[in-house]
A.B. asks: 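The structure is given below, and queries will be raised subsequently.
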Amino acid sequence: MPPGAGMSPKSVFASVALVIILGSLEKSIVTTPLPLIGQALNAGAALTWVVTSYLLAATAVLPVYGKLSDQFGRLRLLNIGLGLFLAGSLACALAQSLPQLLAARVLQGLGGGGLIALAFTVIADTIPPREVGRYQGYISAVYAVSSIAGPLLGGYFAEHLSWRWVFWINLPLGALALWLVNRHLGHLNERHARRFDWPGALLLMLSTTLLLLLLSPDAPLPGHWLAGALAATLTLLLLRERQARDPILPPQLARQSGYLVSVLLILIAQMLMFALLVYLPLQMQWQEGMGPAESGRTMVIFMASITAGAFSAGKLIARRGRYKGFVLTGFALAALALWLIHLGEAAALALVLAGLGLGLTLPALSVVVQNALLPQDRGIGMSLFNFGRELGGALGVALCAILFHLPLPPGSLAGYAREELSLGFATTYLGMAALATLAMLLTLLALRRRELSPHP
């Protein structure tokens with residue numbers, strides 16, 4: 001019997017939990033020591049690329065890991081991802097200039113992009129759709145703890161040790177993760193004889209990078225240049241995928257309406273989540289005069305509510321075998337919460353409602369996707385689902401920036417009066433409430449009811 005065969009779902013989840021922590025922690029741990037990094041490396045205005053370079057690389061390669069894992073096995077690709085992530089972390093810790101650090105962050109992102117995607121795919125390979133909701137609750141708890149712990153750990157390391165420790169800490173954790181996955185996941189290393197679509201993969205990565213650059217406020221090229229390059233690359237990608245023998249984007253996925261609707265809904269859910277995660281703390285600090293620590297403590301209510309919603313939905317889905325009602329209720333609660341925030345009423349209650357609502361949607365949408373995918377398409381299918389999740393965050397921040405500035409006169413943020421800022425935030429939340437309502441209608445009309453399979 002190969003290593004890891006016959007492992008219980010709890011053992012498999014324990015094996016990938018650390019991988020999930022590494023992938024989610026790296027997105028936030030670097031934010032608090034960023035000013036110290038800028039001082040040490042004389043970064044100047046280019047400092048934000050310490051964050052952006054990692055996110056660009058990690059998001060761009062995410063679907064490619066999924067497709068390669070369908071062909072060469074989950075464990076092989078997980079080892080490659082962890083190896084690149086650890087090499088990049090070591091290079092980050094040793095960097096002596098900003099260009100060195102940015103290059104190391106790209107290498108780290110090329111590995112980190114595979115961590116979350118493959119961890120979700122391993123769970124989908126092992127745990128039946130009817131039970132996966134329960135484990136989505138565990139994943140949400142890991143995400144919530146990592147999201148909260150990232151800035152706290154980053155600040156502690158920067159203040160008491162050195163900013164370089166935000167990268168050194170990955171080495172022992174990554175080594176432990178390598179040992180765990182190789183000990184327990186040897187049964188998920190099956191090869192399939194396919195010809196990999198490298199031109200399609202490169203075009204997909206280039207399209208993703210151009211899209212994220214287009215959404216970035218500090219992009220190095222003019223927006224019309226990026227838009228033109230994106231249109232050309234997408235055209236080439238579509239032409240290539242029509243000719244490829246085994247395309248990077250399987251056409252059978254496009255014919256599964258439940259899958260496509262779920263990808264769109266998870267994208268919207270992430271847009272709503274990032275709207276609250278980014279703009280509520282800004283409002284607390286700019287408009288209400290709170291400090292960063294106080295606004296951060298307030299947002300713990302939101303993250304705790306997401307975890308509670310995901311736990312509850314996961315257990316109920318496992319018990320009943322149905323999911324549509326949870327998605328519908330989740331978006332309805334999110335729409336109500338955003339409307340309350342728009343009106344400036346019951347802020348704490350609104351955070352609880354928004355967290356519970358978005359928490360309800362996460363495990364439900366994950367089980368829809370797992371139930372719709374064939375085993376041979378599970379790697380690319382789950383990776384594209386998570387790609388939609390990551391892209392939703394970037395789209396959410398970009399859309400909120402447009403909505404926020406829509407009612408405001410031209411000028412810098414420092415010159416706006418409190419009433420003007422209030423109008424910008426209110427417009428942002430109203431637009432997000434409308435988006436949540438649209439997701440609710442989409443769920444009602446397009447997401448089909450389907451009994452969940454009791455088998456992986």
Side-chain angles (χ1 to χ4, degrees), residues 136 140 211-212 214-215 253-254 256-280 283 302 305-306 309-310 313 317 322-346 349-369 372 384-407 423-450:
Q136 285 293 328
S140 297
L211 175 59
L212 293 175
L214 185 61
L215 297 173
L253 293 183
Q256 297 182 23
S257 59
Y259 175 81
L260 294 179
V261 170
S262 298
V263 172
L264 179 57
L265 290 175
I266 196 65
L267 184 145
I268 295 175
Q270 283 295 103
M271 291 178 72
L272 300 176
M273 185 180 299
F274 269 75
L276 292 169
L277 284 174
V278 173
Y279 274 79
L280 267 180
Q283 184 180 21
F302 180 56
S305 299
I306 289 177
I317 290 171
R322 296 182 179 179
Y323 49 78
K324 183 172 180 175
F326 296 99
V327 182
L328 190 61
T329 303
F331 281 118
L333 288 175
L336 174 60
L338 286 158
W339 178 254
L340 288 174
I341 297 173
H342 159 72
L343 296 176
E345 298 179 1
L349 174 62
L351 277 176
V352 172
L353 292 176
L356 288 174
L358 292 172
L360 289 176
T361 65
L362 298 177
L365 291 173
S366 293
V367 298
V368 175
V369 168
L384 289 173
F385 177 72
N386 285 289
F387 175 74
R389 186 199 303 260
E390 297 296 321
L391 188 59
L395 288 173
V397 173
L399 178 59
C400 285
I402 295 171
L403 292 170
F404 178 77
H405 288 93
L406 199 61
L423 184 60
F425 285 117
T427 305
T428 301
Y429 301 134
L430 180 61
M432 290 296 106
L435 185 62
T437 303
L438 176 64
M440 187 174 62
L441 293 175
L442 183 63
T443 302
L444 187 64
L445 299 175
L447 191 63
R448 297 179 180 178
R449 299 180 187 274
R450 187 177 176 185

A.B. asks: Tell me, do Trp339 and Leu430 make a side-chain contact under 4.5 Å, heavy atoms counted?
C.D. replies: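 Side chain of Trp339 against side chain of Leu430, heavy atoms only: contact under 4.5 Å found.
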A.B. asks: So, do Phe331 and Thr437 sit near enough that their side-chain heavy atoms are less than 4.5 Å apart?
C.D. replies: no
A.B. asks: Any side-chain heavy atom of Ile306 within less than 4.5 Å of one from Met273?
C.D. replies: yes
A.B. asks: If you define the side chain from C-beta out and look only at heavy atoms, does anything of Leu362 sit under 4.5 Å from Arg389?
C.D. replies: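 Yes, side chains in contact.
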A.B. asks: Starting at OG of Ser305, measure out to CG of Leu333 and round the result to the nearest 0.5 Å.
C.D. replies: 11.0 Å
A.B. asks: Any side-chain heavy atom of Thr443 within less than 4.5 Å of one from Thr361?
C.D. replies: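 A side-chain contact is absent here, since even the closest heavy-atom pair is not under 4.5 Å.
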A.B. asks: About how many Å separate OG1 of Thr428 and CG of Leu399, when rounded to the nearest 0.5 Å?
C.D. replies: 8.5 Å
A.B. asks: Find out whether Leu264 and Leu260 are in side-chain contact, i.e. whether some heavy atom of one side chain is under 4.5 Å from a heavy atom of the other.
C.D. replies: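 Not touching, per the 4.5 Å side-chain cut-off.
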A.B. asks: If you look at every heavy atom in Leu353 and Ala337, which pair is closest and at what distance?
C.D. replies: CB-CB, 4.0 Å
A.B. asks: Which heavy atom in Gly424 sits nearest to a heavy atom in Pro407, and how many Å separate them?
C.D. replies: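 Looking at all heavy atoms of both residues, the shortest contact is CA-CG, 3.9 Å.
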A.B. asks: Provide the closest heavy-atom pair for Met440 versus Ala332 in the form atom of the first, atom of the second, distance.
C.D. replies: SD-CB, 3.4 Å
A.B. asks: Return the CG to CG distance between Asn386 and Leu391, rounded to the nearest 0.5 Å.
C.D. replies: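 Between Asn386 CG and Leu391 CG, I get 12.5 Å after rounding to 0.5 Å.
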A.B. asks: What are the two closest heavy atoms between Met432 and Leu272, and how far apart are they?
C.D. replies: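 Smallest heavy-atom distance, with atoms named: O-CD2, 3.4 Å.
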A.B. asks: Where is the tightest heavy-atom contact between Leu403 and Gly431, given as atom of each residue plus distance?
C.D. replies: CD1-CA, 4.0 Å
A.B. asks: Yes or no on side-chain contact (heavy atoms from CB on, under 4.5 Å) for Phe302 and Leu358, after CA distance, side-chain angles and deciding distance?
C.D. replies: CA-CA 10 Å; Phe302 180 56; Leu358 292 172; 3.9 Å; yes
A.B. asks: Just to verify, what does Phe425 make a ring pair (Phe, Tyr, Trp, His ring centres under 6.0 Å) with, not counting sequence neighbours?
C.D. replies: Phe404
A.B. asks: Please answer whether the main-chain N or O of Tyr429 pairs with a side-chain N or O of His342 as donor and acceptor at a distance below 3.5 Å.
C.D. replies: no
A.B. asks: How long is the span from the NZ atom in Lys324 to the CG atom in Leu365, to the nearest 0.5 Å?
C.D. replies: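 Here the interatomic distance stands at 12.5 Å.
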A.B. asks: Quick check: do Leu280 and Ile341 have side-chain heavy atoms less than 4.5 Å from each other?
C.D. replies: yes
A.B. asks: I need the minimum non-hydrogen distance between Ala436 and Leu338, along with the two atoms involved.
C.D. replies: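 Result for this residue pair: CB-CD1, 4.4 Å.
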A.B. asks: Do Leu384 and Val263 have side chains that approach each other closer than 4.5 Å (heavy atoms only, starting at C-beta)?
C.D. replies: no
